[in-house]
Amino acid sequence: MTTRVAIVGGTGKLGGIIRDVVEQEDGYEVHATLSSRSQLDELDGADLVVDASTPAVSIDVVRAAVDRGINVLVGTSGWSAERIALVRPLVDAADVGVVFIPNFSLGSVIASALAAAAAPFFPSIEIVEAHRETKIDSPSGTAVRTAELIAAARSGVGPVESPHVDQRARGQQVASVPIHSLRRPGVIARQETILAGAGESLTVAHDTVEPALAYGPGIRLALAAARDARGVTVGLDSFLDLGLRRTGGSSGATSPVDEGGVPGQVARTTGA
């Protein structure tokens with residue numbers, strides 16, 4: 001049985017990559033390609049809605065799909081835990097599934113998980129993320145997700161130490177973690193999580209080098225998960241067994257992270 005997919009924001013960069021994956025994947029077909037300004041009644045007849053629109057439009061897309069009883073895969077940035085909480089009752093009442101993916105890159109997901117695993121052992125943690133100048137929101141959804149994972153991992157030890165956060169140059173706090181956003185030409189996507197303690201620091205960094213190659217495996221995984229989902233699910237890590245346990249606090253330089261042969265991205269951890 002073929003899953004008919006409506007892609008909102010399908011004329012944009014991420015939407016175009018998603019559309020290519022859907023067209024190449026067995027068992028899926030593109031039912032409709034919508035821009036961020038399209039009428040949402042074009043969702044009618046779809047089995048799955050993929051949202052790659054803009055932060056301002058995304059919540060309307062989710063509501064429109066849920067009202068129609070259609071599952072949604074959300075790849076649009078800007079969905080914090082607080083914003084997701086607003087639509088959770090609607091999703092549960094409609095008995096549909098909405099999957100929020102801040103980043104389709106497997107390497108990025110691994111980097112965020114590594115940062116969260118290390119978070120209980122370092123009192124100071126900050127995130128620096130950079131994207132191309134055309135990205136309209138900040139901080140990025142990936143940075144917000146990383147900060148939320150860090151806060152959850154530190155539930156037993158308390159929030160991170162963030163001195164002078166009343167100063168604007170100290171970044172925006174998300175779940176007590178300062179996030180610094182750069183928007184400049186020549187960058188696709190880069191994030192560093194810098195963890196520091198007495199006498200040492202640990203940096204977990206990820207670079208997206210080629211988006212189509214980096215996002216493809218994650219998009220395929222997310223499509224399959226979203227098709228049959230129920231309720232709200234956040235993060236590609238929800239569908240991956242990363243094998244990470246927060247059982248100890250060793251640190252130091254390590255070899256590059258094994259990304260399972262996924263090309264198009266670079267992830268690494270460094271100790272200093």
Side-chain angles (χ1 to χ4, degrees), residues 55 58 76-86 100-103 105 107-208 234-237 244 246 249 251-254 257 265-272:
S58 185
T76 301
S77 191
W79 282 90
S80 64
E82 291 80 6
R83 198 180 193 204
I84 291 171
L86 297 176
F100 294 92
I101 305 295
N103 197 313
S105 157
S108 175
V109 171
I110 293 169
S112 295
L114 288 170
F121 307 105
F122 294 88
S124 174
I125 305 173
E126 304 198 27
I127 296 171
V128 181
E129 57 94 354
H131 285 77
R132 57 169 60 93
E133 76 280 12
T134 54
K135 184 173 177 60
I136 62 176
D137 62 307
S138 62
S140 70
T142 303
V144 170
R145 173 66 173 165
T146 305
E148 291 172 347
L149 289 172
I150 286 170
R154 290 183 57 86
S155 61
V157 295
V160 302
E161 296 178 2
S162 304
H164 311 300
V165 292
D166 57 315
Q167 300 172 1
R168 293 180 63 185
R170 290 289 291 118
Q172 178 178 327
Q173 272 196 309
V174 176
S176 83
V177 181
I179 301 177
H180 311 269
S181 296
L182 310 179
R183 298 291 177 265
R184 57 191 179 88
V187 175
I188 297 174
R190 175 178 175 80
Q191 179 172 295
E192 294 183 354
T193 304
I194 305 167
L195 307 96
E200 64 179 348
S201 70
L202 172 71
T203 299
V204 182
H206 175 266
D207 294 271
T208 300
V234 183
L236 201 61
D237 52 304
L244 292 175
R246 304 181 190 100
S251 63
T254 68
V257 175
Q265 55 196 350
V266 179
R268 62 186 178 277
T269 59
T270 61

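- Taken from CZ in Arg170 to NE2 in His180, the straight-line distance is 5.5 Å, to the nearest 0.5 Å.
- To the nearest 0.5 angstrom, Arg132 atom CZ is 12.5 Å from Arg184 atom CZ.
- The heavy-atom pair separating Glu129 from Pro139 by the smallest distance is OE2-CA, 3.5 Å.
- Note that the CZ atom of Arg190 and the OG1 atom of Thr142 stand 14.0 Å from one another [nearest 0.5 Å].
- A search for side-chain contact (heavy atoms from CB on, under 4.5 Å) contacts involving Ala175 returns Ala151, not counting sequence neighbours.
- Across Leu202 and Ala118, no two heavy atoms sit closer than the pair CD2-CB, 3.9 Å.
- Atoms CG and CH2, on Asp137 and Trp79 in that order, are 13.0 Å from each other to the nearest 0.5 Å.
- In terms of heavy atoms, Ala111 sits closest to Val204 at O-CG1, 3.4 Å.
- Residue Asn103 is tested with Ser77, Ser140, Ser108, Ser112 for a side chain to side chain donor-acceptor pair (under 3.5 Å); the sole match is Ser108.
- Minimum heavy-atom separation, Ser176 to Ser162: O-OG, 3.0 Å.
- Side chains of His206 and Ser105: a donor on one and an acceptor on the other come within 3.5 Å.
- Considering only heavy atoms from C-beta on, Ile150 comes within 4.5 Å of Thr193 through its side chain.
- Taking every heavy atom of both residues into account, Val177 and Glu126 meet most closely at CG1-CA, 4.3 Å.
- Annotation for Ile136 and Pro55: closest pair CD1-CD, 3.9 Å, computed over non-hydrogen atoms.
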Subject >> Worked verdict on Gln191 versus Thr146 for side-chain hydrogen bond (donor to acceptor under 3.5 Å, both in side chains) >> reply: CA-CA 10 Å; Gln191 179 172 295; Thr146 305; 3.0 Å; yes

